[in-house]
Amino acid sequence: NCIIGDTTEAAVEEAKIYIPRFMKAQVDHYEADKDNWKNLQTYKAWSGIFAGMKDRCNPESIPPWCQWQLVGDPDTVAKKLQLFIDAGFDTFLIHTATPGVPKEPRRRWMRRFSEEVMPRFAGDLEVGIRLAS
């Protein structure tokens, strides 16, 4: 997930508005409260995933989640991206489109990523970045 603001605090505030809507859509769609797969060994991990999604329906749960996402001002997002690259990741899907997010913020985040963050990595041919809005 990628949300870029003028400041990291502003980006987190936008995340607190939009990410709970996305998480709620996931919880509703997958019927997370029903735990339909609780008897299947191969789906045990989903109980934890759904619990995390339910928790992130609360805007106050979003700031800790943001530390592992590309959320912040352009410098912060570039630093986070570099940390993932340094850890060995070489392909990224930059996600700005979530249910309930109007076109304006999605386009603004993607434009800022492509204009203010991406050029810092343009010379690194080993890293693949796909933009998905």
Side-chain angles (χ1 to χ4, degrees):
N1 289 279
C2 182
I3 298 175
I4 299 178
D6 290 336
T7 65
T8 294
E9 294 76 17
V12 170
E13 286 304 312
E14 281 194 295
K16 287 170 62 176
I17 294 168
Y18 296 116
I19 297 303
R21 297 175 190 178
F22 172 66
M23 294 300 171
K24 178 75 170 110
Q26 300 301 306
V27 167
D28 291 348
H29 177 76
Y30 291 108
E31 299 180 322
D33 290 326
K34 292 186 179 181
D35 206 8
N36 292 320
W37 305 297
K38 65 183 172 188
N39 295 325
L40 297 174
Q41 184 68 25
T42 54
Y43 281 92
K44 285 207 182 269
W46 282 101
S47 292
I49 292 168
F50 287 143
M53 285 181 183
K54 288 190 287 187
D55 182 54
R56 288 185 293 275
C57 290
N58 175 357
E60 296 311 310
S61 297
I62 297 304
W65 171 87
C66 288
Q67 72 180 355
W68 303 109
Q69 307 296 318
L70 299 178
V71 175
D73 61 67
D75 289 335
T76 298
V77 170
K79 287 175 188 171
K80 289 180 178 185
L81 189 59
Q82 187 63 56
L83 288 173
F84 284 117
I85 292 168
D86 293 346
F89 291 90
D90 64 358
T91 302
F92 301 90
L93 175 65
I94 306 304
H95 180 75
T96 62
T98 58
V101 180
K103 288 181 183 178
E104 187 280 323
R106 291 189 336 229
R107 290 176 178 167
R108 175 170 34 89
W109 301 332
M110 190 62 70
R111 183 177 56 254
R112 293 195 75 174
F113 182 83
S114 65
E115 293 175 359
E116 299 176 51
V117 177
M118 186 63 190
R120 303 172 196 212
F121 300 93
D124 190 349
L125 299 177
E126 307 247 344
V127 175
I129 297 179
R130 293 184 178 91
L131 304 178
S133 63

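These values consider heavy atoms only, across backbone and side chains, with no hydrogens, waters or symmetry-generated copies. Position 1 is the first residue of the sequence, and the numbers go up from there.
Annotation: the span from Ile94 atom CD1 to Trp109 atom CH2 amounts to 13.5 Å, rounded to 0.5 Å. The distance from atom CD of Gln26 to atom SG of Cys57, rounded to the nearest 0.5 Å, is 9.5 Å. Taking CE from Met53 and NZ from Lys24, the interatomic distance works out to 13.0 Å, rounded to the nearest 0.5 Å. Note: Ile3 CD1 to Glu14 CD = 6.5 Å, rounded to the nearest 0.5 Å. Cys66 contributes atom SG, which lies 11.0 Å from atom CD of Glu9 (distance to the nearest 0.5 angstrom). In this structure, CG in Leu81 is found 9.5 Å from CG in Asp86, a value given to the nearest 0.5 Å.
Shown here are the side-chain hydrogen bond (donor to acceptor under 3.5 Å, both in side chains) partners of Asn1, two or more places apart in sequence or in another chain: Gln69. Annotation: side-chain contact (heavy atoms from CB on, under 4.5 Å) contacts of Lys16 (sequence neighbours excluded): Val12, Glu13, Pro59, Glu60, Ile62, Pro63. When the ring pair (Phe, Tyr, Trp, His ring centres under 6.0 Å) test is applied to Phe22, no partner is found at least two apart in sequence or on another chain. Judged as a side-chain hydrogen bond (donor to acceptor under 3.5 Å, both in side chains), and not counting sequence neighbours, Thr98 has no contacts. In this structure, the side-chain hydrogen bond (donor to acceptor under 3.5 Å, both in side chains) partners of Glu104, at least two apart in sequence or on a different chain, are Arg108.
Trp65 and Trp68 are not part of a single hydrophobic cluster, where members link through side-chain heavy atoms under 4.5 Å apart. Leu83 and Val77 are assigned to two separate hydrophobic clusters, defined by single-linkage of ILVMFWY side chains at heavy-atom distances under 4.5 Å. Hydrophobic clustering, with ILVMFWY side chains joined whenever heavy atoms are under 4.5 angstrom apart, groups Ile19 together with Ile17.
Looking at Thr8 and Asp73, their side chains do bring a donor and an acceptor atom within 3.5 Å of each other.
Nearest approach of Val101 to Arg106, heavy atoms of both residues: O-NH1, 3.0 Å. Across all their heavy atoms, Ala11 and Gly72 have their closest contact at CB-N, 3.5 Å. Arg111 and Ser114 get closest at one heavy-atom pair: O-OG, 3.0 Å.
Of the possible donor and acceptor atoms, one in the side chain of Lys80 sits under 3.5 Å from a partner among the backbone N and O of Val71.
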Result block: side-chain N/O donor-acceptor pairs under 3.5 angstrom for residues 115-123, not counting sequence neighbours:
unit_1 : atom_1 : unit_2 : atom_2 : d
Glu116 : OE1    : Arg112 : NH2    : 3.2
Glu116 : OE2    : Arg112 : NE     : 2.9
Arg120 : NE     : Glu116 : O      : 2.9
Arg120 : NH1    : Asp75  : OD1    : 2.9
Arg120 : NH2    : Asp75  : OD1    : 2.9
Arg120 : NH2    : Glu116 : O      : 3.3

